[in-house]
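Below: one structure, written as structure tokens.
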Amino acid sequence: TSGSAKTTPEQYDIQYLTPVDIGSPPQTLNLDFDSGSSDLWVFSSKMPSNSVQGQTIYDPSKSKTAKEVKGASWNITYGDKSTSKGVVYRDTVTVGNVTVQAQGVEAATQVSDQFTRDASNDGLLGLAFSGLNTVQPQQELTWFDNAVKSLDHPVWTADLKYHKAGTYDFGVINKSKYAGKISYVNANSTTGFWMFGMSGYSVGNSTFKPSPFQGIADTGTTLALIPSPIVQDYYKAVSGAKVDPFQGGYVFPCSARLPNFVLGIGQTKITIPGKYINYAPIDKSGKTCFGGLQSDDGVGFSIIGDVALKAAFVVFDATPAQPRLGWAQK
Ligand SMILES: Cc1ccc(-c2noc([C@H]3C[C@@H](O)CN3)n2)cc1F
């Protein structure tokens with residue numbers, strides 16, 4: 001089998017939400033597909049009502065196929081320190097006409113305020129490696145790891161777009177979605193992440209600078225967090241750019257012209273258009289804007305999030321002997 005699901009950006013492409021059918025009859029929730037984590041968790045009927053503000057909840061008592069996983073619990077913290085936790089059911093989960101029976105569905109009993117405030121996000125579907133799953137005493141597999149046995153190929157692809165809907169495909173590499181050839185690099189999955197090496201970068205039309213660094217492909221992170229010397233080099237070319245400690249990174253006048261940023265990955269180069277890096281105004285005045293490229297200081301590796309991923313067609317190839325990431329222009 002193979003399948004395709006449309007994914008739709010929230011304002012400023014802060015995250016992309018994808019419809020998922022859970023249970024029988026199907027309850028459709030819009031989830032944040034996150035290649036940087038490995039829990040499938042949802043807003044649920046088990047939460048206090050005041051922490052549900054506009055989201056769609058999963059109610060296992062209304063699903064004929066839901067079975068509680070007795071004694072199981074989960075608890076997760078994301079990069080921005082937001083958290084959620086709860087109990088576990090197994091139920092039928094369908095994404096883009098690919099169905100998994102008895103998928104671990106983690107029903108939230110509590111979520112932090114950042115989740116409650118995001119009315120369009122009904123939970124997350126983790127697409128990192130299952131070793132990062134937080135369910136105790138026994139880890140659950142990700143939806144993809146359960147689906148892979150029935151997929152034509154052990155792959156899924158991300159075709160995210162700037163300010164418009166894209167697609168996640170499972171089990172197939174759709175040639176109509178990219179241009180030229182796909183360039184593959186090995187992924188180091190021992191970290192549980194889709195970790196890979198980049199060879200260097202260039203700013204605008206300048207010469208390519210060899211500067212090897214490691215990063216993770218993270219569909220759940222909005223921006224691209226890369227080594228600070230590279231970020232410094234980029235914003236040197238943006239008039240009026242400066243680090244604003246109160247905003248937590250580089251800002252610049254919204255009227256500034258932003259150069260393209262090129263990432264060297266394997267045999268290919270991915271060009272991130274300057275307009276993707278003019279991420280969003282910091283306030284309603286629209287005078288000052290926040291950069292889509294920021295420093296990865298404090299993380300330990302770079303986080304190649306949506307600002308970069310939306311400039312490419314990305315293949316997450318989970319071939320057991322050697323996972324790898326494929327990159328193509330589009
Ligand atoms: C309110 C909220 C907060 C965080 C996230 C979130 N989703 O994916 C990620 C990144 C960071 C790393 O944790 C794994 N991938 N962060 C989503 C939210 F809706």
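Side chains included, hydrogens not; waters and symmetry mates left out as well; all remaining heavy atoms used. Every number for a ligand or one of its atoms is a count from 1 in the order of the listing.
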Next on the checklist: Show me which atoms of ligand 1 lie under 4.0 Å from any heavy atom of D80.
Outcome noted: 3 (C), 4 (C)
Next on the checklist: If you measure every N or O of T77 against every N or O of ligand 1, does any of those distances drop under 3.5 Å?
Outcome noted: no
Next on the checklist: Tell me if the NZ atom of K85 is crowded by more than 12 foreign heavy atoms within 6.0 Å.
Outcome noted: no
Checklist entry - Cation over ring, K269 on F208, under 6.0 Å and within 45°? => result yes
Next on the checklist: What protein heavy atom lies closest to atom 6 (C) of ligand 1? Include the residue and the distance to one decimal.
Outcome noted: G220 O, 3.7 Å
Item to check | Residue S82 vicinity, atoms of ligand 1 by number, heavy atom under 4.0 Å | outcome: 2 (C), 3 (C), 4 (C)
Item to check | atom 13 (O) of ligand 1 [closest protein heavy-atom partner, distance rounded to 0.1 Å] | outcome: G79 N, 2.9 Å
Item to check | Atom indices of ligand 1, in the order listed, that fall short of 4.0 Å to a heavy atom of L124 | outcome: 7 (N)
Next on the checklist: Which of the numbered atoms in ligand 1 are under 4.0 angstrom from any heavy atom belonging to G36?
Outcome noted: 14 (C), 15 (N)
Checklist entry - What's the verdict on side chain to side chain contact (heavy atoms under 4.5 Å, CB included) for H153 and V172, showing C-alpha distance, side-chain angles and the deciding distance? => result CA-CA 6 Å; H153 302 280; V172 63; 5.6 Å; no
Next on the checklist: Please check this pair: side chain of N30 against backbone of D122, looking for a donor-acceptor N/O pair closer than 3.5 Å.
Outcome noted: no
Checklist entry - Can you tell me the protein heavy atom closest to atom 19 (F) of ligand 1 and the distance? => result N121 ND2, 2.9 Å
Checklist entry - When you look at I304 and D218, which way does the side chain to side chain contact (heavy atoms under 4.5 Å, CB included) test go after all the steps? => result CA-CA 6 Å; I304 307 305; D218 187 352; over 6 Å; no
Checklist entry - Can you find an N or O of F115 that's nearer than 3.5 Å to an N or O of ligand 1? => result no
Checklist entry - Should the pair K242 and Y250 be classed as cation-pi, given the thresholds of under 6.0 Å to the six-membered ring centre and 45° from the axis? => result no
Next on the checklist: Heavy-atom count check: over 12 atoms from other residues, nucleotides or ligands less than 6.0 Å from Q136 CD?
Outcome noted: no
Checklist outcome for this item: If we number the atoms of ligand 1 from 1 as shown, the ones under 4.0 Å from a heavy atom of Q15 are 18 (C), 19 (F)
Next on the checklist: Which of the numbered atoms in ligand 1 are under 4.0 angstrom from any heavy atom belonging to Q114?
Outcome noted: 1 (C)
Next on the checklist: For residues I303 and V231: do they belong to one hydrophobic cluster (side chain heavy atoms under 4.5 Å, members Ile, Leu, Val, Met, Phe, Trp, Tyr)?
Outcome noted: yes
Item to check | ligand 1 contact on D32 by region, counting heavy-atom pairs under 4.0 Å | outcome: side chain
